[in-house]
Amino acid sequence: MSGFQSPRGLRDLLEPLASAHGWAVDRAWAAADAAGYARIELPFAEESALFERAVGGTSDIVSKELFRLEPRGDDAVALALRPEATAGMVRAYLQHGMRSQPQPVRLATVAHLFRYDRPQKGRYRQFTQFDVEAIGDSGPGSDLEVIALGAAYLRDLGLTDVEVHLNSVGCATCRPAFVALLQAHFASIAPQLSEVDRSRLAANPLRLLDSKEPVAVAHAATAPRITDHLCAACASHHAAITKGLATIGVTVVAAPSIVRGLDYYTRTAWEYLLPGEQGQQGALGGGGRYDGLVELLGGTATPAIGFAIGIDRVVLALEERGLLPEHAKGPAIVVAGIEPESIALRIATALELRAAGVSARADISSRKIGKQLEGAVRDGARAVIIVEPDGRLTLRDLTEASQGEPAERGAVIAAARRLVQGKG
RNA sequence: GUGGCCAUCGUUCAAUGGUUAGGACCGCGGUUUGUGGAGCCGCAGAUGAGGGUUCAAUUCCCUCUGGCCACCCCA
């Protein structure tokens with residue numbers, strides 16, 4: 001053993017997970033392309049201050065989970081690895097003057113993110129998100145479009161029973177009154193609340209709704225629901241979304257416990273969950289409307305909405321359900337040879353096969369031909385091409401256990417191609 | 001960041017305060033020398049790291065590292 005191992009929370013993806021992960025990422029880009037969302041690739045690091053502003057300096061994500069980079073030389077600004085993608089998205093929107101494009105600006109990315117968190121299954125220090133944002137539209141249409149896009153992505157991967165757990169967190173007009181109402185509801189049992197919950201009661205009462213403490217959970221059941229206390233504008237927005245999702249055919253579950261801690265979040269908040277395995281790994285993804293963020297980062301007031309779906313969790317869910325796509329096996333053709341001197345010729349032949357669109361690899365060993373055949377079988381190859389001492393080639397069909405006569409290169413390669421492609 | 005469980009070949013299991021830590025799978029080689037996954041034979045490969053207790057530790061204790069679970073939070 002080498003003595004080195006991957007650092008905590010940072011893992012290697014081996015097959016078949018590596019292929020599955022890549023597949024889920026490819027499908028994410030494809031889903032974005034198909035919906036007319038522009039691809040954007042963002043840097044892995046940004047100014048720390050961007051995250052402190054966008055995510056909130058007191059949030060866990062910034063206060064204890066940020067991977068801060070050691071400053072070097074005369075760097076003017078402190079940098080950090082990105083813990084989420086939205087901040088960079090909005091930064092890019094502002095930096096590149098996208099407000100002069102038709103609104104909303106539709107952007108999508110697949111981002112590798114970093115959080116200095118305590119790892120668990122489905123939670124790693126480096127993870128990947130499919131991130132979609134529609135910036136510049138305040139109507140319920142952009143909510144519907146974005147929510148449906150995420151749900152369709154998950155459904156198309158095979159997670160056909162995704163549920164959208166939906167809530168509204170109101171706006172600056174209606175939320176303060178509701179928070180006060182909520183505070184009053186919990187104040188009556190304050191002495192029985194746990195210490196964390198009591199501090200939440202003072203600092204962020206909405207969080208009481210998703211507390212895990214039994215006392216708070218019990219009391220939350222009878223708590224007022226924000227969706228019953230929205231202002232007229234928020235209420236009609238929320239109603240339009242609920243109705244629209246029904247039309248679109250998305251399974252919706254009302255989820256009054258979905259809350260967001262920061263002021264710039266407004267109205268729609270949702271999570272993508274799978275029934276049956278809710279809990280431990282949390283949601284597959286989540287999204288929300290953040291009408292206050294662009295302005296917070298220095299732009300003019302601009303409404304926006306987006307979601308992030310955790311690719312790692314998606315792959316985990318697919319794996320647990322046996323829905324991972326069969327990953328590509330070995331090459332269709334293995335080029336073997338009788339004599340060690342033929343190794344270069346074997347490789348040249350494999351190259352030619354690939355150029356002809358047939359996956360192939362050469363057996364580069366000096367093993368006996370029997371061992372080479374055995375290796376080809378184990379690799380799942382369809383056929384073997386044997387390089388004869390005279391340089392001619394013999395095609396052997398491994399499925400039929402039949403073998404042709406030695407022939408010239410072009411003819412054998414063409415035959416191999418027919419064999420492989422004919423099989424489909 | 002808090003609490004808890006865990007750690008033996010690449011994988012999966014076994015064993016013990018005391019000779020060379022055992023099996024299976026995988027890998028490699030052989031099976032008489034140019035044709036297939038079996039069988040048979042053989043080879044390689046581990047006590048995560050560092051301390052401590054002890055005549056003796058893989059086994060008991062501590063620290064570290066890593067994994068998992070719950071919390072926190074989130075994807």
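Note on naming: letters A, B, ... go to the chains in the order of the sequence lines (proteins, then strands), and numbering restarts at 1 for each one. Keep in mind that the numbers below use all heavy atoms, side chains included, and drop hydrogens, waters and symmetry copies. This is a predicted model, so every value here is computed, not measured.
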Please work out if A/Leu398 contacts a base, only the sugar-phosphate, or nothing of the nucleic acid, heavy-atom cut-off 4.0 Å.
base
Using a 4.0 Å heavy-atom cut-off across all strands, classify A/Glu84 as base, sugar-phosphate, or nothing. nothing
pair_partner(B/rA46), Watson-Crick or wobble, both distances < 3.5 Å, evaluates to none
Is A/Gln5 side chain donor-acceptor paired with the B/rG48 base, going by distance under 3.5 Å alone?
-> no
Base, sugar-phosphate alone, or nothing: which one does A/Ala376 contact when heavy atoms must sit under 4.0 Å apart? nothing
task: Give a yes/no on whether any side-chain N or O of A/Gln120 is located under 4.0 angstrom from OP1 or OP2 of B/rG67.
output: no
Residue pairs passing the ring pair (Phe, Tyr, Trp, His ring centres under 6.0 Å) test with at least one member in residues 336-395 of chain A, sequence neighbours excluded, are none
Which of B/rU35, B/rA75, B/rG67 is nearest the side chain of A/Gln129? It is B/rA75
Exercise for review: Check whether any side-chain N or O of A/Lys368 sits under 4.0 Å from OP1 or OP2 of B/rU31, and answer yes or no.
Suggested key: yes
Of the candidates B/rC74, B/rC68, B/rG34, the side chain of A/Arg313 sits closest to B/rC74
**Asked** Below 4.5 Å, heavy atoms only, C-beta onward: do A/Met98 and A/Ile135 meet side chain to side chain?
**Response** no
Task: A/Arg118 vs B/rC74: side-chain N/O to OP1/OP2 distance below 4.0 Å - done: no
Per atom distances to the A/Arg200 side chain, the nearest of B/rG1, B/rC73, B/rG34 is B/rC73
If pairing means Watson-Crick or G-U wobble with both distances under 3.5 Å, then the partner of B/rC60 is B/rG52
Problem - B/rC74 OP1/OP2 closer than 4.0 Å to side-chain N/O of A/Arg207 - result: yes
- Query: Counting only side-chain N and O atoms of A/Arg8, is one of them less than 4.0 Å from OP1 or OP2 of B/rG48?
  - Reply: no
Closest to the side chain of A/Ile369, out of B/rG29, B/rG1, B/rU35, is B/rU35
B/rA38 -> Watson-Crick or G-U wobble partner, both distances under 3.5 Å, gives none
Exercise. Counting only distance, no hydrogens or angles, is the base of B/rG36 paired donor-acceptor with the side chain of A/Arg378 under 3.5 Å?
Worked result: no
Ranking A/Ile309 and A/Pro7 by the position along RNA chain B of their nearest nucleotide, the one closer to 5' is A/Pro7
Using Watson-Crick geometry (N1-N3 plus N6-O4 or O6-N4) or G-U wobble (N1-O2, O6-N3), each under 3.5 Å, B/rC71 is paired with B/rG1
